[in-house]
Participant: 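Here it is, the structure, as structure tokens.
None of the values given here were measured: they were computed from a predicted structure.
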Amino acid sequence: MTATTPVTAPATGPKRKQRFDEGTGRLAATLLSPTLLVLGVVVLFPIISALRESLFSSGQHLDANGFVVKGETFVGLQNYADIFRGETGTRFWNAFYNTTFFTVVCVVLETVLGVAMALIMAKAFKGRGIVRASILVPWAIPTVISALLWKWIFQADGVANALLGTQVLWSTEGWQSKLSVVLADTWKTAPFIGLLVLAGLQTIPAEVYEAAKVDGANAWKTFTRITLPLVKPALLVAVLFRILDTLRIFDLPFVLVGPHKDSVETLSMLAFDQAFTTKYGPAAAYSTVLFLYIAVVAYLFVKILGADVIGEARAKKPGGGKGGGRWKRTNAVKASANAAVTVGAASGSGRNN
């Protein structure tokens, strides 16, 4: 009698549910690899080269034994140490002050004027297209061309002196050269902030303004309680872009006023001047310091003011990673409703008082 062994069927557990986004990471990496390669060549490689160059001194000089040495010589952090001492240190701190001054003053003026431009462009009136085009024209003009236009305006026999009825030498040392750069930069780039704020204004639901109007809110309360809070993300991103752009300002003061002017010399102009005289090591050191300065300012701006430069990619939501779009839309609706309720409460308390 032959014994037969029963055949056991293989255990089959519950099938793993395939995620809808499975495999998209590899696909995204494949599609982004050409862009990342280009960025590595045009961004990462120059940064590494500048860091390396800042540790060397090029040209002809004497070594410790009195012999003439030509070519590149490793000097370590000497180029960075030379920045902060002697006449070089005085020139550096002057350029650092000018860079910070132009950044603070220009960005503040551009923000105020840009918001005002956005509010005007958002209104519905006859000829709005012409007004929008005229406001955006300065931003479309290249910076060098804009600097040449303002240089002709600020000539000794130019339009500015004719309107003022005086003879101000705008391109010489003094406050007038700083003022000319501030005016030219504000005229050139305020429309940029206005354009981004206008895009933010067009995302605000009209129902919120209608609710505020029904509650009796005036124009100022509507602006401070609804418009400004809801347009804050776009405004912060615009201001951040302008801060980063103004910190590296070069072409406008260089063309408008000229090089080697202590009143308008910035860190970018100082680095260019060192490179122009073949002092590539100090020029790379100045550029590295400017890079670190910009990085610190951008980091503090994002951390303190919370500028949403990555589209709420870091926003945490209840219930894990699903339903992110619905969560964001719900929060947007809640924010609009809360703004309307706040305006209504404020206007109601004003009437009660």
Side-chain angles (χ1 to χ4, degrees), residues 43 99-124 128-129 131-143 146-147 150 181-206 208-209 219-220 222-253 266 268 290-291 293-315 328 331-332 335-336 339:
V43 176
T99 303
T100 307
F101 174 81
F102 287 138
T103 301
V104 173
V105 175
C106 292
V107 171
V108 169
L109 293 176
E110 290 162 9
T111 302
V112 175
L113 293 178
V115 172
M117 291 177 181
L119 294 175
I120 293 174
M121 290 187 291
K123 296 294 183 181
R128 183 176 62 174
V131 174
R132 287 185 175 184
S134 61
I135 289 178
L136 297 178
V137 161
W139 174 247
I141 299 176
T143 305
S146 176
W150 282 96
V181 174
V182 170
L183 291 176
D185 189 68
T186 303
W187 176 84
K188 170 74 173 61
T189 53
F192 171 74
I193 295 183
L195 184 63
L196 292 186
V197 174
L198 176 62
L201 288 175
Q202 293 178 343
T203 63
I204 301 177
V208 180
Y209 290 108
W220 175 249
T222 302
F223 174 74
T224 56
R225 303 295 181 90
I226 294 180
T227 303
L228 203 56
L230 295 182
V231 85
K232 178 184 175 182
L235 179 60
L236 289 181
V237 172
V239 172
L240 176 60
F241 285 170
R242 283 304 306 142
I243 289 177
L244 301 183
D245 197 25
T246 313
L247 283 173
R248 58 182 179 84
I249 187 172
F250 168 79
D251 42 4
L252 183 63
T266 61
S268 297
L290 177 58
F291 171 76
Y293 181 35
I294 294 175
V296 170
V297 170
Y299 176 79
L300 293 177
F301 187 90
V302 173
K303 293 296 291 184
I304 295 175
L305 297 180
D308 182 20
V309 296
I310 55 176
E312 293 183 352
R314 297 179 180 270
K328 292 175 185 177
N331 272 358
S336 302

Participant: Would you check if the side chain of T186 reaches a backbone N or O of L183 as a donor-acceptor pair within less than 3.5 Å?
Facilitator: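 Not at all, since once roles are kept as given, no pair shorter than 3.5 Å links the two residues.
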
Participant: For residues T189 and F241, determine if any side-chain heavy atom of one lies less than 4.5 Å from a side-chain heavy atom of the other.
Facilitator: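 In short, these two side chains do not touch, never coming nearer than 4.5 Å.
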
Participant: Side chains of E110 and D185: does their closest heavy-atom pair fall under 4.5 Å?
Facilitator: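 A side-chain contact under 4.5 Å exists here.
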
Participant: Kindly indicate whether the side chain of L228, heavy atoms from C-beta on, has any atom under 4.5 Å from the side chain of K232.
Facilitator: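 L228 vs K232: side chains apart.
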
Participant: Answer whether the closest heavy-atom distance between the side chains of L119 and T227 falls below 4.5 Å.
Facilitator: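 L119 reaches T227 side chain to side chain.
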
Participant: Quick one: does L196's side chain get under 4.5 Å of L235's, heavy atoms only?
Facilitator: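 L196 vs L235: side chains apart.
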
Participant: About how many Å separate CG of L195 and CE of M117, when rounded to the nearest 0.5 Å?
Facilitator: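 Answer rounded to 0.5 Å: 11.5 Å.
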
Participant: Are side-chain heavy atoms of F301 and L244 found at a separation under 4.5 Å?
Facilitator: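 With C-beta onward as the side chain, the pair stays apart.
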
Participant: Does some side-chain heavy atom of T103 sit less than 4.5 Å from a side-chain heavy atom of I249?
Facilitator: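 I249 does not reach T103 side chain to side chain.
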
Participant: Can you confirm whether more than 12 heavy atoms, excluding those of Y209, are under 6.0 Å from its OH atom?
Facilitator: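 Yes - once you tally the heavy atoms of other residues, nucleotides and ligands closer than 6.0 Å, there are more than 12.
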
Participant: Do V115 and F223 make a side-chain contact, defined as non-hydrogen atoms from C-beta onward lying under 4.5 Å apart?
Facilitator: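 In contact.
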
Participant: Is the backbone of K188 close enough, under 3.5 Å, to the side chain of S146 for a donor and an acceptor to pair up by distance?
Facilitator: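 No; judged by distance alone, with no hydrogens or angles, the pair does not exist.
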
